[in-house]
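Data block below; observations after.
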Amino acid sequence: MIIVMRAEATAAQRDGVREQVEASGGRSYAARDGNRTVLGCLGDTDALSEDNVEALPGVESVTRWRTPYRLASRELAPPGGRTVVRIGDGPAASVGGPALLVVAGPCSVEGPEMLLATARGVARAGAAALRGGAFKPRTSPYAFQGLGLDALRWLAEVRRVTGLPVVTEVLDPRQVELVAAHADVLQVGARSMQNFPLLAEVGRVRRPVLLKRAMSATVTELLLAAEYVLARGNPDVILCERGIRTFEPATRNTLDIAAIPVLRGETHLPVIVDPSHAGGRADLVAPLAYAAIAAGADGLLVEVHPRPETALSDGEQSLSLDGFTELMRGLAPFAAAAGRTLVPQPKALPEVHALKGRLGPTCVLEDAPAAEAV
Ligand code: PEP
Ligand code: MN
């Protein structure tokens with residue numbers, strides 16, 4: 001239930017109401033709506049009758065939840081109306097505010113050199129965070145499964161060198177701690193959206209979660225998946241529309257553009273779009289990205305590879321570094337039309353000292369200067 005306190009209700013009255021909710025086995029979350037306090041009650045509040053709560057001093061109105069998700073719903077928005085998720089601990093990136101967040105990088109981390117080259121290229125073009133899969137959820141057990149721990153180490157090392165926060169997928173609840181120790185954002189992929197033990201586990205760590213919509217999930221199911229993470233205490237959930245499966249075979253998936261304004265109406269959480277998995281083709285990435293921003297998305301997740309034709313996964317939908325630079329150039333008028341800003345183009349990065357010798361799987365990029373400003 002949602003309890004709206006009167007504008008003139010005192011703090012003692014508000015606390016009295018919260019005590020009643022807790023005494024009956026529920027939990028309450030306070031939010032502000034103008035000059036009123038709104039208490040969202042979760043848990044088993046069946047023992048509380050609406051009439052009894054309405055009779056408590058300071059209470060203006062009591063309503064049942066409109067939606068099955070609660071913490072994710074607009075009714076429990078933080079002050080300002082929208083959740084802004086900070087990415088990384090630098091001055092860095094955030095998503096959900098006026099600036100668009102662009103995360104770019106390879107589908108899979110294939111080695112330290114290609115990762116560093118991609119990171120430097122996408123940062124130069126205006127990306128604020130690097131993506132790269134270490135543990136890959138592949139439909140076929142015979143397909144490339146990712147380089148695991150080595151890839152995580154390279155991600156952490158490239159972050160140290162470039163200052164770019166990194167986003168990578170976690171597949172297994174038992175690896176949440178490990179991935180969180182190397183990455184700034186934990187991606188929960190489309191195939192894992194309803195892996196409830198995984199959602200609970202990422203809800204326990206202090207890392208933002210990028211939650212991708214499953215290919216056959218409704219908007220409500222996506223928001224309920226987010227609710228699992230929020231209910232475990234992690235408030236930093238970023239939703240990602242990445243296309244859903246329809247009858248149309250011309251594209252890998254069908255980008256559900258309407259889901260963007262629908263989600264923005266339903267939830268205070270940031271919504272980003274992955275045009276790479278949506279279209280499944282490099283030539284569709286820019287038009288889908290622009291449509292997403294025009295429809296109100298808070299950012300983009302884009303696959304970029306220094307040599308897409310050699311990529312070990314998703315090469316056909318990956319942009320080259322030049323292709324990504326072009327995408328970013330074309331984004332500006334769409335961002336402006338949507339009333340959004342782009343992270344300012346960073347000044348040219350100093351050349352990283354040539355990597356010494358051949359890099360082994362656990363090698364660090366020793367010659368690279370630490371944390372260049374990007
Ligand atoms: C990915 O981001 O590389 C990925 C596997 O995406 P999805 O879970 O959306 O298929
Ligand atoms: Mn991919």
Side-chain angles (χ1 to χ4, degrees), residues 95 101-110 114-115 118 122 127 129-141 143-148 151-152 155 166-172 175 179 183-195 198-199 202 208-217 219 221-222 225-226 229 237-246 251-256 259-260 263 271-282 284-285 288-289 292 297 299-320 323-324:
V95 58
L101 174 76
V102 180
V103 182
C107 177
S108 300
V109 174
E110 298 171 10
M114 66 78 73
L115 189 63
T118 312
V122 298
L130 174 69
R131 63 149 289 150
F135 298 102
K136 294 304 301 177
R138 303 307 299 279
T139 301
S140 164
F144 176 63
Q145 304 284 310
L147 297 177
L152 286 183
L155 282 165
V166 302
V167 180
T168 197
E169 177 157 356
V170 56
L171 270 175
D172 184 327
Q175 288 176 328
V179 178
D184 300 284
V185 177
L186 304 177
Q187 178 171 320
V188 173
R191 291 157 190 80
S192 300
M193 191 203 84
Q194 286 188 320
N195 180 338
L198 179 63
L199 295 173
V202 297
V209 174
L210 196 167
L211 178 63
K212 298 187 94 176
R213 180 182 182 182
M215 50 198 97
S216 61
V219 164
E221 286 163 343
L222 171 62
V229 180
V237 178
I238 306 157
L239 303 171
C240 181
E241 160 61 34
R242 45 76 75 204
I244 51 175
R245 186 165 281 178
T246 69
T251 50
R252 182 174 179 183
N253 293 288
T254 298
L255 180 59
D256 184 5
I260 303 161
L263 281 166
V271 181
I272 69 168
V273 166
D274 172 349
S276 310
H277 290 84
R281 282 168 30 189
L284 297 179
V285 171
L288 296 183
L300 299 169
L301 178 69
V302 182
E303 286 187 336
V304 179
H305 194 287
R307 290 175 61 211
E309 63 287 0
T310 68
L312 297 179
S313 61
D314 286 348
E316 58 293 349
Q317 65 191 37
S318 298
L319 295 180
S320 64
F324 180 69

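When a ligand or atom number is given, it counts from 1 through the structure's own listing order. It should be emphasised that the depicted structure is a prediction, and the values quoted were computed from it without experimental measurement.
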Hey, is the main chain of [Y] close enough, under 3.5 Å, to the side chain of [X] for a donor-acceptor pair?
X: Ser318; Y: Asp314; value: yes
X: Glu241; Y: Gly243; value: yes
X: Arg138; Y: Phe144; value: yes
X: Gln145; Y: Ala143; value: yes
X: Thr118; Y: Pro106; value: no

Side chains of Thr310 and His305 in contact at under 4.5 Å (non-hydrogen atoms): yes

Heavy-atom check, side chain of Val285 versus side chain of Val302, under 4.5 Å: yes

Numbering as shown, the atoms of ligand 1 that approach Arg191 to under 4.0 Å (heavy-atom distance): 7 (P), 8 (O), 10 (O)

Atoms in ligand 1 with a heavy atom of Cys107 nearer than 4.0 Å: 3 (O)

Is the shortest N/O to N/O distance between [X] and ligand 1 below 3.5 Å?
X: Gln187; answer: yes
X: Asp314; answer: no
X: His277; answer: yes
X: Gly189; answer: no

Nearest non-hydrogen protein atom, [atom]:
atom: atom 8 (O) of ligand 1; result: Ala190 N, 2.7 Å
atom: atom 9 (O) of ligand 1; result: Arg242 NE, 2.7 Å
atom: atom 2 (O) of ligand 1; result: Arg131 NH1, 2.8 Å
atom: atom 6 (O) of ligand 1; result: Lys212 NZ, 2.9 Å

Rounded distance [0.5 Å steps], SG in Cys107 versus NZ in Lys136: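 It comes to 3.5 Å.
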
Which atom of Ala214 lies closest to which atom of Ile244, heavy atoms considered: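 Where Ala214 meets Ile244 most closely, the heavy atoms are O-CG2, 4.1 Å.
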
Over all atoms of both residues, closest heavy-atom pair of Asn253 and Thr251: O-OG1, 2.7 Å

Cut-off under 2.8 Å, centre the Mn ion (ligand 2), protein N/O/S atoms: Cys107 SG, His277 NE2, Glu303 OE2, Asp314 OD2

Part of Met215 within contact of ligand 1 (heavy atoms, under 4.0 Å): neither

Side chain to side chain contact (heavy atoms under 4.5 Å, CB included) partner of Gln187, the single match among Val167, Val179, Leu211, Leu171: Val167

Option among Arg252, Arg213, Lys212 that satisfies the salt bridge (Lys or Arg N to Asp or Glu O under 4.0 Å) test with Asp274: Lys212

Test item, Gly133 contacting ligand 1 (heavy atom, 4.0 angstrom): no

